[in-house]
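Worksheet: the structure to be examined is printed underneath.
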Amino acid sequence: MKIKYPEGIVKRRVRAGFLIEALDGLYSEADCTLDFVDPLQLLISTQLAAQCTDERVNQVTQKLYKKYRSASDFAGADIEELENDIRPTGFFRNKARNIIGCCAMIITEYGGEVPDTMEALLKLPGVGRKTANLVLGDAFGVPGIVVDTHAGRLARRMGLSAHTDPEKVEYDLMKTLPRESWTRFCHQLVLHGRAVCSARKAMCSLCALSPHCPKINVDPK
């Protein structure tokens, strides 16, 4: 199915304003659902969250961050032991390898501190734009647009993007949303996607966003 924009950028920006207001009313306290106390923990948790629920990741990291307290601890970890520590999150071999490599680079290239720019973060093993934007937004206060499956789905359903590629959705939202709302808006889309506008069935009759949802030329998935 070919997806088309229902309107131009001006109308999408107007709609985005209404959506921001509605979402602020529904989820005023929306925040990252991963538990962390510093940028390194958020970086590791986000990598662990690939193909895994945040709830499961938070259960695993309760013990993990008591055992590994710094980038040096992770970089020097025995890979088989780390694999076992993170096994419940799935894809544990790739994740362990990326975490060790990521932390080794943080030590050698960034003095042991997680970098705070998109360019630097994308150089780290296992870090893509979604992870980088989440770390920038929630650990460093730098606005970032995190496009997960929920945010991508709702962006299409609300007519804010015509794309299925997460990076293209990200750029569409960057053009459409006020920069100061980027981080919060994406967290709100995730919450709304889980509670109301799910992939299998959108509960439109219960949705506070329905007055602003075009529901035309939009991929239902």
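Nothing here was measured: the structure is a model prediction, and the numbers come from that model.
- Note on residues 107-127: no pairs pass side-chain hydrogen bond (donor to acceptor under 3.5 Å, both in side chains), not counting sequence neighbours.
- Hydrophobic cluster membership for V14: F18 (Ile, Leu, Val, Met, Phe, Trp, Tyr linked by side-chain heavy atoms under 4.5 Å, directly or transitively).
- Two residues are said to be in side-chain contact when any heavy atoms from C-beta on lie closer than 4.5 Å; T61 and I44 fail this criterion.
- Using modelled atom types, no side-chain atom of R12 and backbone atom of K175 make a donor-acceptor pair closer than 3.5 Å.
- Side-chain contact between V146 and D138 is absent, with no heavy atoms from C-beta onward closer than 4.5 Å.
- Remark: E81 engages K67, Y68, D78, D85 in a side-chain contact (heavy atoms from CB on, under 4.5 Å) (not counting sequence neighbours).
- R153 CZ to S161 OG: the interatomic distance, rounded to the nearest 0.5 Å, is 14.0 Å.
- Remark: L191 engages Y27, A30 in a side-chain contact (heavy atoms from CB on, under 4.5 Å) (not counting sequence neighbours).
- Residues passing the side chain to side chain donor-acceptor pair (under 3.5 Å) test with Q62: none are found, sequence neighbours excluded.
- A donor-acceptor pair is defined here as one N or O able to donate and one able to accept, closer than 3.5 Å; no such pair exists between the side chain of T131 and the backbone of V127.
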Show me the donor-acceptor pairs within less than 3.5 Å that the side chains of residues 86-99 make with the rest of the protein, sequence neighbours left out.
| residue | atom | partner | partner atom | Å |
| --- | --- | --- | --- | --- |
| T89 | OG1 | I86 | O | 2.8 |
| N94 | OD1 | R97 | NH1 | 3.4 |
| N94 | OD1 | R97 | NH2 | 2.5 |
| K95 | NZ | L48 | O | 2.6 |
| K95 | NZ | A50 | O | 2.8 |
| K95 | NZ | T89 | O | 2.9 |
| K95 | NZ | G90 | O | 3.2 |
| N98 | ND2 | N94 | O | 3.4 |

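- Looking at heavy atoms from C-beta onward, V196 lies out of side-chain contact with L209 at the 4.5 angstrom threshold.
- R156 places a side-chain N or O within 3.5 Å of a backbone atom of H163 that can act as its donor or acceptor partner.
- For E180, the CD atom is densely surrounded, since the number of other residues' heavy atoms within 6.0 Å is greater than 12.
- Of all heavy-atom pairs spanning L122 and G128, the tightest one is CD2-C, 3.5 Å.
- From S198, atom OG reaches atom CE of M203 across 6.0 Å, with rounding to the nearest 0.5 Å.
- You'll find the side chain of D24 reaches within 4.5 Å of the side chain of R184, heavy atoms only.
- More than 12 heavy atoms of other residues, nucleotides or ligands lie within 6.0 Å of CZ in R194, so this atom counts as buried by the packing criterion.
- Around atom CD of E21, no more than 12 heavy atoms belonging to other residues, nucleotides or ligands sit under 6.0 Å away.
- In this structure, the side chains of L42 and V114 stay at 4.5 Å or more apart for every pair of heavy atoms.
- The OG1 atom of T183 sits 8.5 Å away from the CG atom of L136 when rounded to the nearest 0.5 Å.
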